[in-house]
Amino acid sequence: MDLNDLQQQRAEKLARLRSAGIEGYPARTQRTHTIKAVLADFDGMMERGERVIVVGRVVGARRIMGKLAFAHIEDEHGRIQLWLSRADLGDEWFDRFANDIDTFDIVESHGTLRRTKSGEASVFVDGMALLSKAINPPPDKWHGLTDTEARLRERYLDMIVNHDVRENFRTRAKVVNIMRQVLDTHDYLEVETPVLQPIYGGASARPFTTYHNQLHQNLYLRIAVELYLKRMIVGGFERVYEISKVFRNEGVDRTHNPEFTMMECYQAYGDYRTMMALVEQICRETAVRLTGSTVVEFQGQQIDFGPAWQQVSIPGAILERTGIDILQYKTQPELLREIRARKLPVESKPSWAKQVDELFSEIIQPTLIQPTFIVNHPVELSPLAKRHADNPAITERFEAIVAGMEIGNGYSELNDPFDQEQRFLQQLKTQAEGDDEAHQLDEDYINALMYGMPPTGGLGMGVDRMAMIYANQSTIRDVVVFPHLRPRDS
């Protein structure tokens with residue numbers, strides 16, 4: 001491999017160590033304590049004279065002061081100072097540390113515990129081993145990598161030098177764990193459904209396509225798990241959920257990544273109100289368990305998950321804010337003409353339903369900061385949702401909005417196979433008119449419905465956007481460990 005000057009210098013140090021019989025990448029360590037465990041009972045262990053073996057990455061500058069040397073090491077949960085004395089460590093390893101150990105190397109240190117004159121907790125080292133020689137040096141400002149492109153492309157380096165990044169991913173893991181605990185408490189069964197699907201469905205999106213060589217079959221990475229989970233409801237399970245990766249061939253922006261994590265759950269004999277209550281409980285319990293309060297700070301806003309969520313009607317909110325009655329302008333050209341007449345910053349979309357969605361998303365949704373349920377979606381916007389019992393032109397559906405972002409979507413599931421077939425056929429017409437995100441016709445799913453699916457409530461929640469809120473991060477890339485990026489040369 002081609003090495004620059006700094007990498008070459010480190011490689012030469014590795015060669016010197018190996019020539020002296022010191023392996024640069026041994027297979028195991030003798031660690032007895034994490035740094036966190038040492039710091040938790042430092043004074044007690046020091047008084048008892050306990051010996052420890054700690055491991056960690058060398059961080060910051062090493063200080064060589066005659067016959068003494070000092071450095072700090074970090075493991076996942078803590079940082080501690082190493083105090084090295086030539087007299088106790090011995091000439092060989094003292095010189096090795098001074099000349100051949102670098103910042104970012106991972107070392108094993110043996111010794112007892114002492115405090116410096118300033119009171120800093122330290123390991124007084126009398127034995128040492130190298131666990132991993134770092135050939136790449138830290139960035140110029142090792143304590144704070146700030147270039148966004150570099151941070152995302154070398155996330156491993158980002159996690160080394162920016163501790164808050166690691167905390168984001170711990171928060172994300174806690175969000176998933178709490179969500180799972182709430183569902184398990186409600187007797188939902190966690191299941192797994194196919195990632196490769198012969199017919200994609202369950203959402204309006206373009207899929208990623210792949211090919212099965214032996215079966216000579218086009219397959220799609222799932223865009224949702226909905227239709228398979230509802231097949232399980234048909235099969236007799238009453239409460240099921242899946243926390244899954246889904247894939248949508250779409251743009252990348254502050255809240256979108258081509259692969260992301262969804263939680264979808266379905267409850268037989270429930271409806272959209274059942275799922276709204278579940279959303280409130282998941283969000284409230286997540287806030288309380290993470291912060292001790294129902295209030296979460298997000299980008300300077302105080303989001304309160306304590307009160308009952310407000311409800312906003314799509315037709316009513318659009319009419320109030322823009323003066324456009326979407327139920328009066330029932331074709332895309334008519335609706336777009338009204339949008340243009342009012343000089344609203346809304347893009348043209350290929351269908352009436354998509355145009356309504358774009359109008360609401362651009363004009364109304366960003367203003368909804370506190371937890372809100374959007375309701376009264378027109379049927380054309382919701383091909384898998386049951387018609388509203390009081391108004392067949394709208395559906396029993398909601399979208400959960402927090403801080404202007406959609407974090408969830410749910411409805412009373414359509415279980416009439418004849419109505420479902422007509423909705424699918426209408427989607428095919430929409431696709432023929434240019435909507436490449438329209439639903440496909442899934443005949444097997446219709447066949448499943450013909451065996452009878454009970455009244456069912458369904459819910460999908462975006463795990464990444466939930467993590468954004470609870471970790472107080474403004475972009476999805478900061479809560480996805482390895483987000484998708486453009487090629488370097490573009």
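Along the sequence shown, residues are numbered consecutively beginning with 1.
- Few gaps surround CD on Q299; more than 12 heavy atoms of other groups in view lie less than 6.0 Å from it.
- Closest non-hydrogen pair, R248 versus A203, comes out as NH2-CB, 3.2 Å.
- A distance of 11.5 Å separates CD of E399 from CD1 of I407, quoted to the nearest 0.5 Å.
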Practice problem: Check step by step if side chain to side chain contact (heavy atoms under 4.5 Å, CB included) holds for R115 and F42. | Solution: CA-CA 9 Å; R115 288 191 181 274; F42 187 87; 3.7 Å; yes
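- Within the 3.5 Å criterion, the main-chain N or O of P383 finds a donor-acceptor partner in the side chain of Q420.
- Between the side chain of R239 and the main chain of H186, a donor-acceptor pair closer than 3.5 Å is present.
- Closest approach of K386 to N415, counting heavy atoms only: NZ-OD1, 2.6 Å.
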Practice problem: Using the side chain to side chain contact (heavy atoms under 4.5 Å, CB included) rule, take L227 and Y200 through it: C-alpha gap first, then chi angles, then the decisive distance, then the call. | Solution: CA-CA 9 Å; L227 300 186; Y200 60 92; over 6 Å; no
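- When atom types are taken as modelled, the side chain of T112 and the backbone of G49 share no donor-acceptor pair closer than 3.5 angstrom.
- The line from CG of L157 to CZ of F104 is 5.5 Å long, rounded to the nearest 0.5 Å.
- Partner H256 forms a side-chain hydrogen bond (donor to acceptor under 3.5 Å, both in side chains) with one of R465, H484, E250 and no other, that one being R465.
- Note on R206 versus D436: salt bridge recorded, some NZ/NE/NH1/NH2 to OD/OE distance being below 4.0 Å.
- Atom NZ of K245 has more than 12 heavy atoms from other residues, nucleotides or ligands within 6.0 Å.
- Proximity of the aromatic rings of Y470 and F305 is defined here by a centroid distance below 6.0 angstrom, and this criterion is met.
- F237 CZ: 12 or fewer foreign heavy atoms inside a 6.0 Å radius.
- Between R172 and Q473, the closest side-chain pair of non-hydrogen atoms is not below 4.5 Å.
- Among all heavy-atom pairs drawn from I314 and L381, the shortest one is CD1-CD1, 4.4 Å.
- Donor-acceptor pairing under 3.5 Å is lacking for the side chains of S204 and E437.
- With hydrogens and angles ignored, the 3.5 Å screen pairs a side-chain donor or acceptor of D271 with a backbone N or O of T274.
- A salt bridge is defined here as a Lys NZ or Arg NE, NH1 or NH2 lying under 4.0 Å from an Asp or Glu carboxylate O, and R170 with E76 meets this definition.
- Using modelled atom types and a 3.5 Å distance limit, the side chains of E108 and H110 yield a donor-acceptor pair.
- A distance of 8.0 Å separates CD in E264 from OG1 in T193, rounded to the nearest 0.5 Å.
- By the side-chain contact (heavy atoms from CB on, under 4.5 Å) test, R31 pairs with T29, T34, V55, D75, sequence neighbours left out.
- Between T171 and N168, the side chains place no donor N or O within less than 3.5 Å of an acceptor N or O (distance only, hydrogens not considered).
- Contact of the D464 side chain with the N257 side chain is not registered, since no non-hydrogen atoms from C-beta on lie closer than 4.5 Å.
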Quiz prompt | T372 and W309: CA distance, side-chain angles, deciding distance, side chain to side chain contact (heavy atoms under 4.5 Å, CB included) verdict | solution = CA-CA 5 Å; T372 302; W309 293 28; 5.6 Å; no
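- Note that the CZ atom of R284 and the OG1 atom of T294 stand 8.0 Å from one another [nearest 0.5 Å].
- No side-chain donor-acceptor contact under 3.5 Å links R397 to the backbone of N409.
- Contact of the I303 side chain with the P371 side chain is registered, since non-hydrogen atoms from C-beta on lie closer than 4.5 Å.
- Remark: the backbone N or O of T255 is paired with a side-chain donor or acceptor of D253 at under 3.5 angstrom.
- At most 12 heavy atoms of other shown residues, nucleotides or ligands fall within 6.0 angstrom of atom OH in Y451.
- Taking 4.0 Å as the cut-off between side-chain N and carboxylate O, D478 and R151 count as a salt-bridged pair.
- Of all non-hydrogen atoms in M466 and C283, the two that sit nearest each other are SD-SG, 4.1 Å.
- Proximity of E280 to F373: side-chain heavy atoms (C-beta onward) are separated by under 4.5 Å at one or more points.
- Not a single donor-acceptor pair under 3.5 Å links the side chain of R423 to the backbone N or O of L414.
- In this structure, D105 does not pair ionically with R62, as no charged nitrogen and carboxylate oxygen lie closer than 4.0 Å.
- Once rounded to the nearest 0.5 Å, the distance linking CD of E396 with CG of N376 reads 10.0 Å.
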Exercise. Report the C-alpha distance between S351 and E380 in whole Å, list the side-chain angles of each, state the deciding distance to 0.1 Å, and finish with yes or no for side chain to side chain contact (heavy atoms under 4.5 Å, CB included).
Key: CA-CA 9 Å; S351 67; E380 294 86 345; over 6 Å; no
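- Atom CD of Q302 has more than 12 heavy atoms from other residues, nucleotides or ligands within 6.0 Å.
- Between the side chain of T103 and the backbone N or O of G60 there is at least one donor-acceptor pair closer than 3.5 Å.
- With contacts defined as side-chain heavy-atom distances shorter than 4.5 Å, the pair L196/L221 qualifies.
- More than 12 non-hydrogen atoms from other residues, nucleotides or ligands lie less than 6.0 angstrom from CZ of R48.
- When each of E226, K230, R231 is paired with Y445, the side-chain hydrogen bond (donor to acceptor under 3.5 Å, both in side chains) condition holds for K230 and for no other.
- For R155 and D158, the salt-bridge test passes: some basic side-chain N is under 4.0 Å from an acidic carboxylate O.
- The side-chain heavy atoms of M461 and V279, taken from C-beta on, include a pair separated by under 4.5 Å.
- Side-chain contact, T116 with Q81: no donor N or O sits under 3.5 Å from an acceptor N or O.
- Side-chain contact between M453 and Y266: absent, with no pair of heavy atoms (C-beta onward) separated by less than 4.5 Å.
- A 6.0 Å sphere centred on CD of E347 holds no more than 12 heavy atoms belonging to other residues, nucleotides or ligands.
- For the pair Y188/Q267, a side-chain contact is recorded, criterion being any heavy-atom separation below 4.5 Å from C-beta on.
- The two atoms that bring H377 and I374 nearest to each other are CE1-O, 3.2 Å, heavy atoms only.
- Distance check, rounded to the nearest 0.5 Å: CG of N472 to CD of E297 gives 6.0 Å.
- Salt bridge R57/E74: absent, no basic N to carboxylate O contact under 4.0 Å.
- At least one donor-acceptor pair closer than 3.5 Å links the side chain of Y25 to the backbone N or O of K133.
- Look at D419 and R387 and you find a salt bridge, because one of the NZ, NE, NH1 or NH2 atoms lies within 4.0 Å of a carboxylate O, short of that distance.
- A pairwise comparison of heavy atoms in I80 and A121 identifies CG1-O, 3.7 Å as the closest pair.
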